[in-house]
Each structure stands twice: as C-alpha cells, then as structure tokens.
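These figures come from a predicted structure and were not determined experimentally.
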Amino acid sequence: MSLLQLHGDLYRCAVSSQRSPGPTLPVYEDRYSERTQQWIVFDRKTLQGNKPKMASPRTITIVALSFALGLFFVFMGTIKLTPRLSKDAYNEMKRAYKSYAKALPGLKKIGVSSVLLRKIIGTLEVSCGVVLTLVPGKPKDVANFLLLLVMLAVLFFHQLVGDPLKRYAHALVFGILLTCRLLIARQSDERPERDESREAREVGVQEKNKVKLS
C-alpha cells in the first residue's frame, strides 16, 4: 500500500468519525495511473469538473431567440430602407410613416420628416438585428434593449393613428419575445455570480475543516 493511498484511507476515516452534521467535505478517490504505475488520490469534485459540460436549456433558448429575432429585424429594417426585397411592402411602409409624421406635428418642428423617421427606425432594426445574430456577449443585450424601445415606439405610432390590431400584432408579439429574451439573459448573467460566491464559501469552509482535522 502506497503512502498516498494510506493518506486517503486515514482521511476518509477521519471524516466518517465526525458526529456533528456539518458542511460537505471533499470526497477523494484512488485511481491507478498506468503512465506513472502508481495509485493517485483525486478529489472527486475535480474529476467531475473535468467532464465536458452540455449547453443548458437557458443557453439554447437565448441563442435560438437571438438568431430568430435578429433575422426578423434585419428583414423588417431592410424593407423600410429599400424596395429591393418587396416593392409593395416598401410602398406600404412609406405610406404608414407619412401618416405617423402627420399625427406628430412636433416632428416637423425639430426637422424630422417621415422619410428620416423611417430611415432611422430601419437602420436601427438592421444594425441591432445583425448584432443579435452575429455578435456575442453584452452587445446582444444592448441591441435587445434598443429594439424593445423601437417596438414600443412603433406600437405608439399605430395607436396614435388608430390602426386595427392586425396591423400591429407582429410588433406586439416580437416586443414580448424581446422582453422574454432580455429577462432570460439577465437571469443567466446573475446565476454565475451566485455560483461563484457559493463556491468561495464552500472553499472557505473546507479550509477550516482541514485545519481542524490537522
């Protein structure tokens, strides 16, 4: 029996002899290394941490929503900017934004015409859609928030001119999807911080227990 194996047996005996319930202590395993021809004591938590981790359902949901929403807004923004995709849809957007500008006379006072308003919203949709689709990290959340503001503005325009629900149902649905994606992303950002703080506390407790056993 090697010294390392003996050390592991003694440590397990010391842990099992504790009567008072306490925090979870590290569990060790003995494994034979063919490369070194020796028995080696491993921490089971370390062995489990070396296993490949599968993507969580939350991550898959965020990626799917980001890709789908990004493509949608790239398409909608392009329709507002150019007639190449659909001339009929482009003309419909021109008529709609002319009615929005007429319902908001304050826009003309600050020099914002219906054409400029349509191009601003179309450019925001295309740029934020590209970020949602292709750019990783925090910029996705910023693009998500900007698109949510755009959807709120579009809903306000439709209500202002008295459009029926079928004219702005798509804006309502995609506004809800943007809200859901942003909430899920915020939860996934906060979870690693909680996990790190919990792991730090566990490490501190384990160090104290090692000192007591020694």
*asked:* Under a 4.0 Å threshold between the charged nitrogen and the carboxylate oxygen, would Arg181 count as salt-bridged to Asp141?
replied: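 Yes, charged N to carboxylate O under 4.0 Å.
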
*Inspect the contact between Glu92 and Arg167 and indicate whether a charged nitrogen and a carboxylate oxygen are less than 4.0 angstrom apart.*
yes

_Please identify which of these residues, His158, Arg95, Arg118, meets the side chain to side chain donor-acceptor pair (under 3.5 Å) condition with Tyr100._
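Result for side chain to side chain donor-acceptor pair (under 3.5 Å) with Tyr100: His158.
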
*Please say whether more than 12 non-hydrogen atoms of neighbouring residues, nucleotides or ligands are located less than 6.0 Å from CZ in Phe75.*
no

Are [Y] and [X] connected in a single hydrophobic cluster, I mean Ile/Leu/Val/Met/Phe/Trp/Tyr linked by side-chain heavy atoms less than 4.5 Å apart?
X: Val150; Y: Phe156; value: yes
X: Leu149; Y: Val74; value: no
X: Phe73; Y: Val142; value: no

Which atom of [X] lies closest to which atom of [Y], heavy atoms considered:
X: Leu155; Y: Leu172; answer: CD2-N, 4.0 Å
X: Ile79; Y: Ala89; answer: CG2-CB, 3.7 Å
X: Val135; Y: Lys140; answer: O-CE, 2.9 Å

*Test side-chain contact (heavy atoms from CB on, under 4.5 Å) on Ser113 and Lys108 and set out the steps.*
CA-CA 6 Å; Ser113 63; Lys108 288 186 177 180; over 6 Å; no

*Please report the C-alpha distance between Tyr97 and Ile121 in whole Å, then the side-chain angles of each, then the deciding distance to 0.1 Å, and finally whether the side-chain contact (heavy atoms from CB on, under 4.5 Å) criterion is met.*
CA-CA 10 Å; Tyr97 277 86; Ile121 292 182; 3.6 Å; yes

Just verifying a value: how many Å separate [X] [atom1] and [Y] [atom2], rounded to the nearest 0.5 Å?
X: Leu85; Y: Tyr90; atom1: CG; atom2: OH; result: 12.0 Å
X: Leu182; Y: Leu148; atom1: CG; atom2: CG; result: 7.0 Å
X: Leu124; Y: Lys80; atom1: CG; atom2: NZ; result: 10.5 Å
X: Asn144; Y: Ser66; atom1: CG; atom2: OG; result: 7.5 Å
X: Leu152; Y: Leu147; atom1: CG; atom2: CG; result: 11.0 Å

*Could you tell me how the ring of Phe174 sits relative to the ring of Phe72: parallel (under 30°), tilted (30 to 60°) or perpendicular (over 60°)?*
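The arrangement is parallel - the two ring planes meet at less than 30°.
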
*Stepwise side-chain contact (heavy atoms from CB on, under 4.5 Å) check, Leu132 with Cys128*: CA-CA 6 Å; Leu132 272 180; Cys128 292; 5.8 Å; no

